[in-house]
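Written out below as structure tokens is the structure these notes cover.
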Amino acid sequence: KFCEYTSVKHAFAVNNATAALELSAQLCQFNPGDEVIIPAHTFTSSAYPFLKKRAKIVWADVDLKTRVITSQTIEQCITEKTKAIVVVHLYGYCSDMLAIMELAEKHDLLVIEDTSQSLGAGINKQMAGTFGDFGVFSFHSHKNITTLGEGGMLVVKNRQIAEIIPMVRHNG
């Protein structure tokens, strides 16, 4: 049903959005010195899993009106060591994913969308969390759609990665 709702092919239920972020960080396969760009305004779960995988966090400024990162604030942070971008959609806002994906493709960067606070938001009828390589969703009791407690979902674009998610999700 979640695949139908978001128009994706691969979605995996997890115990919460932090677990989905942990899986995303693991699947990025960071090497020593790799950098990940993360918004300076976010919850710790959007950053901590990447730090645990030894990626160097580079903080990107956010737009003062929407409180989300933009392609311009991301571009200022990109170096030859950048491997991934974490885009956090907040308060029902969706970052400009068309411009961010164009920038990511130009620099061959992975994109992880944390859509914990913006399920249902989107651009041109495409939902937030479905543009990047990984999309993370939360069903915590304080989110847009809830399971009356915890719950999360990981969306994955790549079929080969999607095939290993069930093993990694259950067995580490």
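Bear in mind that the values here come from a model prediction, so they are computed numbers and not experimental data. Values below: all heavy atoms of this structure, side chains included; hydrogens, waters and symmetry mates excluded.
Here the closest heavy-atom approach between residue Ala84 and residue Leu109 is recorded as N-CD2, 4.4 Å. Across all non-hydrogen atoms, the minimal contact from Leu110 to Cys28 is CD1-SG, 3.8 Å. When all heavy atoms are compared, the tightest approach of Val62 to Pro39 is CG1-CB, 4.1 Å. Closest non-hydrogen pair, Val111 versus Ala104, comes out as CG2-CB, 3.4 Å.
Ion pairing between Glu163 and Arg159 holds under the 4.0 Å rule for side-chain N and carboxylate O.
Between the side chains of Ser45 and Thr18, at least one donor-acceptor pair of N or O atoms lies under 3.5 Å. Defined by atom type and a distance below 3.5 Å, a donor-acceptor pair is present between the side-chain atoms of Thr79 and Glu35. Between the side chains of Thr115 and Glu113, no donor N or O sits under 3.5 Å from an acceptor N or O.
The backbone N or O of Gly33 sits nowhere less than 3.5 Å from a side-chain atom of Lys83 that would complete a donor-acceptor pair. Using modelled atom types, one side-chain atom of Ser118 and one backbone atom of Gly92 make a donor-acceptor pair closer than 3.5 Å. Formation of a donor-acceptor pair under 3.5 Å by the Ser138 side chain with backbone atoms of Ser116 is not found in this model. Asp63 contributes no side-chain N or O that, together with a main-chain N or O of Val68, makes up a donor-acceptor pair within less than 3.5 Å.
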### Query
Would Lys53 and Phe30 count as a side chain to side chain contact (heavy atoms under 4.5 Å, CB included) if you check the C-alpha gap in whole Å, the side-chain angles of each, and the deciding distance to 0.1 Å?
CA-CA 7 Å; Lys53 292 298 177 189; Phe30 292 104; 4.1 Å; yes
### Message
Assess the residue pair Phe134 and Leu23 against the criterion (side chain to side chain contact (heavy atoms under 4.5 Å, CB included)); give the C-alpha distance rounded to whole Å, side-chain angles, the decisive distance to 0.1 Å, and a yes or no.
### Response
CA-CA 9 Å; Phe134 302 98; Leu23 284 168; over 6 Å; no
### Task
List the steps, then state whether side chain to side chain contact (heavy atoms under 4.5 Å, CB included) holds for Val155 with Phe137.
CA-CA 8 Å; Val155 168; Phe137 299 84; 3.5 Å; yes
### Message
Evaluate Leu90 against His41 for side chain to side chain contact (heavy atoms under 4.5 Å, CB included), listing each step before the verdict.
### Response
CA-CA 9 Å; Leu90 289 173; His41 177 64; 3.5 Å; yes
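For Tyr48, the OH atom sits in a loose shell: 12 or fewer heavy atoms of surrounding residues, nucleotides or ligands are nearer than 6.0 Å. Other residues, nucleotides and ligands place no more than 12 heavy atoms under 6.0 Å from the CD atom of Glu102. Lys157 NZ: more than 12 foreign heavy atoms inside a 6.0 Å radius.
Cluster annotation: Val8 is connected to Met127 through the hydrophobic network of ILVMFWY side chains, with a link wherever side-chain heavy atoms come within less than 4.5 Å. Linking Ile, Leu, Val, Met, Phe, Trp and Tyr residues whenever their side-chain heavy atoms come within less than 4.5 Å places Ile165 and Ile112 in a single cluster. Note on Met97 and Tyr93: separate hydrophobic clusters, where clusters join Ile, Leu, Val, Met, Phe, Trp and Tyr whose side-chain heavy atoms are under 4.5 Å apart, directly or indirectly. Ile69 and Val88 fall into different hydrophobic clusters, where Ile, Leu, Val, Met, Phe, Trp and Tyr residues are linked whenever their side-chain heavy atoms come under 4.5 Å apart, directly or through other members. Under the 4.5 Å side-chain contact rule for hydrophobic residues, Ile74 and Leu98 share a cluster.
One finds the NZ atom of Lys81 at 9.5 Å from the CG atom of Asp34 (value rounded to the nearest 0.5 Å). In this structure, CZ on Phe131 lies 10.5 Å from OG on Ser95, to the nearest 0.5 angstrom. In this structure, Lys106 NZ and Leu103 CG are separated by 6.5 Å, a value rounded to the nearest 0.5 Å. Atom CG of Leu27 sits about 11.5 Å away from atom CD of Glu22, to the nearest 0.5 Å. Taking CE from Met153 and CZ from Phe12, the interatomic distance works out to 10.0 Å, rounded to the nearest 0.5 Å. Atom-to-atom distance recorded for Thr66:OG1 and Tyr91:OH is 10.0 Å, nearest 0.5 angstrom.
Here the side chains of Ile37 and Ile78 are in contact, with some heavy-atom distance below 4.5 Å. The shortest distance between side-chain heavy atoms of Asp114 and Phe43 does not fall below 4.5 Å. Taking the side chain as every heavy atom from C-beta outward, Val136 and Leu154 approach each other to under 4.5 Å.
The aromatic rings of Phe2 and Tyr5 lie tilted to each other, with the angle between the two planes from 30° to 60°.
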